[in-house]
Amino acid sequence: MKAVALSSLLVASASLVSAQSAAYGQCGGNGWTGATTCVSGYTCTKVNDWYSQCVPGAATTTAQQPTTPSVPTTTATNPQPTSGGTDLPYGTLVQRCTVPNTIAITFDDGPYTWTSALIDSLNRANVTATFFVVGTMYGCIYNYADVIQKAYNSGHQIASHTWSHKDLTGQAASGIQTEVTRLETALKKILGIKPKWLRPPYGGQNSNVLSTLRGYNYKVVTWNLDSEDWNGASVASSQSKFNALGADPRIIPLEHDALQSTAQQLGPWIAQWANSKGLRAVTLSECLGESIPGGQYELVGGATPRDNTWVC
């Protein structure tokens with residue numbers, strides 16, 4: 001598909017999501033039985049303006065889940081070995097791996113309750129993934145600092161999904177700046193890095209978004225396989241999409257670690273599926289032939305001690 005056609009398709013898709021927010025307000029994740037219904041003991045709870053999911057207990061009245069208690073902060077030191085490669089220029093837009101026999105498993109919207117166990121599953125399968133993290137979607141990112149450090153220290157790639165998951169196509173340059181720099185500040189404190197890769201919420205991008213992100217030293221990635229876990233697709237339905245692929249698909253699939261069914265079932269299954277097909281499930285930068293960690297991050301010092309600025 002030509003770049004112009006892809007751009008038009010993604011912008012149209014983002015507009016469709018905004019226009020049909022009520023339709024996408026159905027509950028998903030653990031306890032979901034169908035449109036807007038939850039099993040006994042779970043309540044359909046709003047997460048943001050376009051998504052809700054079943055959570056244990058009574059409904060909350062805010063758009064976010066209750067804040068997770070603060071956790072101790074440990075020093076983040078990435079043991080992943082360095083490797084050579086050709087780093088893509090800022091402003092690049094990609095949706096597909098280029099290195100043969102690789103796939104880049106990606107997870108959006110975290111970190112959240114289920115992310116830590118998902119990392120354990122990926123580590124056991126000896127695969128690496130890329131986590132596109134948000135500042136304030138499922139609580140405050142600083143309360144999940146240990147989870148982000150765990151992913152980073154395990155060799156998974158950490159990338160930006162903006163501060164508050166706003167559609168960037170509806171933002172002026174100043175709004176885009178706020179969305180990216182607030183998350184940068186958090187990741188500098190938690191990990192001592194600034195990510196070079198960003199996935200725009202809803203996949204929404206246009207010339208203004210791309211030029212602005214280029215100015216802030218970002219490369220942009222969307223996807224070429226949507227598990228549709230965010231839309232209430234069953235794990236079996238998502239699995240069928242992978243099983244229908246041919247050899248060497250070089251996919252960048254879209255999943256969400258904030259959904260329990262994805263973190264506990266679909267994500268670990270994709271890792272095993274890749275291994276069974278003889279594919280290397282690697283980080284985004286690795287599947288694009290970039291250097292490690294140069295293609296992934298700007299290193300801006302070590303993680304800083306937790307203090308009273310670690311708040312959202």
Side-chain angles (χ1 to χ4, degrees), residues 1-3 5-7 9-11 13-14 85-110 118 122 125 127-134 151 155-162 168 195-205 209-210 213 218-231 233 238-259 262-263 266-275 277-292 295-297:
M1 182 181 292
K2 293 183 178 180
L6 173 60
S7 176
L9 177 61
L10 288 172
V11 172
S13 176
T86 302
D87 298 342
L88 297 174
Y90 299 125
T92 297
L93 171 65
V94 302
Q95 65 165 352
R96 184 175 186 266
C97 293
T98 56
V99 176
N101 297 310
T102 63
I103 73 167
I105 308 172
T106 64
F107 298 97
D108 289 12
D109 295 356
L118 169 62
L122 298 175
V127 306
T128 50
T130 302
F131 291 87
F132 291 91
V133 300
V134 184
H156 303 286
Q157 185 169 348
I158 305 299
S160 174
H161 200 40
T162 75
L168 298 184
K196 293 183 177 181
W197 281 96
L198 180 146
R199 172 173 281 160
Y202 317 106
Q205 50 79 29
V209 171
L210 292 177
L213 292 176
Y218 280 99
K219 299 165 279 190
V220 179
V221 58
T222 53
W223 56 86
N224 60 345
L225 189 152
D226 185 354
S227 70
E228 294 196 71
D229 58 349
W230 59 272
N231 199 23
S238 298
Q239 290 172 340
S240 67
K241 294 189 174 190
F242 289 86
N243 287 328
L245 295 169
D248 193 13
R250 305 188 193 186
I251 53 171
I252 302 176
L254 172 67
E255 292 83 34
H256 297 79
D257 55 301
L259 299 179
T262 293
L266 180 60
W269 180 89
I270 295 171
Q272 297 295 341
W273 172 86
N275 287 339
K277 297 294 183 181
L279 302 172
R280 291 194 303 120
V282 296
T283 64
L284 174 66
S285 284
E286 289 177 276
C287 96
L288 296 170
E290 293 195 304
S291 67
I292 306 299
Q296 300 173 320
Y297 314 115

## Note on the structure
Smallest heavy-atom separation, Ala271 atom then Ala125 atom, equals CB-CB, 3.9 Å
### Task
For the pair Val209 and Val220, evaluate side-chain contact (heavy atoms from CB on, under 4.5 Å) and give the outcome as yes or no after the intermediate values.
CA-CA 10 Å; Val209 171; Val220 179; 5.8 Å; no
### Query
If you look at every heavy atom in Pro268 and Ala263, which pair is closest and at what distance?
CD-O, 3.4 Å
### Message
Just verifying a value: how many Å separate Leu254 CG and Ser227 OG, rounded to the nearest 0.5 Å?
### Response
5.5 Å
### Task
Please report the closest heavy-atom contact between Leu88 and Glu290, naming both atoms and the distance.
N-OE2, 2.8 Å
### Listed partners of Arg199 passing salt bridge (Lys or Arg N to Asp or Glu O under 4.0 Å), at least two apart
Asp108
### Query
Rounded to the nearest 0.5 Å, how far apart are CD of Glu228 and NE2 of His256?
11.0 Å
#### Entry: Reported CZ-to-OG1 distance for the pair Arg96 and Thr102, which is rounded to 0.5 angstrom
9.0 Å
### Query
Do the side chains of His161 and Val133 get nearer than 4.5 Å, heavy atoms only?
no
### Message
Are the side chains of Lys219 and Tyr90 in contact, using a 4.5 Å heavy-atom criterion?
### Response
yes
### Task
Side-chain contact test, heavy atoms from C-beta onward, threshold under 4.5 Å: evaluate it for Trp197 versus Thr106 and give yes or no.
no
### Task
Test Gln157 against Tyr297 for side-chain contact (heavy atoms from CB on, under 4.5 Å), laying out the working first.
CA-CA 9 Å; Gln157 185 169 348; Tyr297 314 115; 3.9 Å; yes
### Query
Can you name the nearest heavy-atom pair linking Thr283 to Gly155, along with the distance?
CG2-O, 3.6 Å
### Message
Can you confirm whether Ile103 sits close enough to Cys287 that some side-chain heavy atom of one is under 4.5 Å from a side-chain heavy atom of the other?
### Response
no
### Query
Is any side-chain heavy atom of Leu279 less than 4.5 Å from a side-chain heavy atom of Pro249?
yes
#### Entry: Nearest non-hydrogen partners of Thr222 and Gln95, listed with the distance
OG1-CB, 3.4 Å
### Query
What heavy-atom pair brings Pro200 and Val221 nearest, and what distance separates the two atoms?
CD-O, 3.7 Å
### Query
How are the rings of Trp273 and Phe242 set relative to one another: parallel (under 30°), tilted (30 to 60°) or perpendicular (over 60°)?
perpendicular
### Message
To the nearest 0.5 Å, what is the distance between CD1 on Ile251 and CG on Asp226?
### Response
11.5 Å
### Message
I'd like to know if Arg280 pairs up with Glu286 as an ion pair, taking the criterion as any Lys NZ or Arg NE/NH1/NH2 lying under 4.0 Å from an Asp or Glu carboxylate oxygen.
### Response
no
### Query
Atom CG of Leu122 and atom CD1 of Ile105: how far apart are they, to the nearest 0.5 Å?
6.5 Å
### Query
Looking at residues at least two apart in the chain, or sitting in another chain, which of them share a ring-ring contact (aromatic ring centres under 6.0 Å, His included) with Phe132?
none
### Task
Any chance you could measure Asn275, atom CG, to Ile270, atom CD1, to the nearest 0.5 Å?
12.0 Å
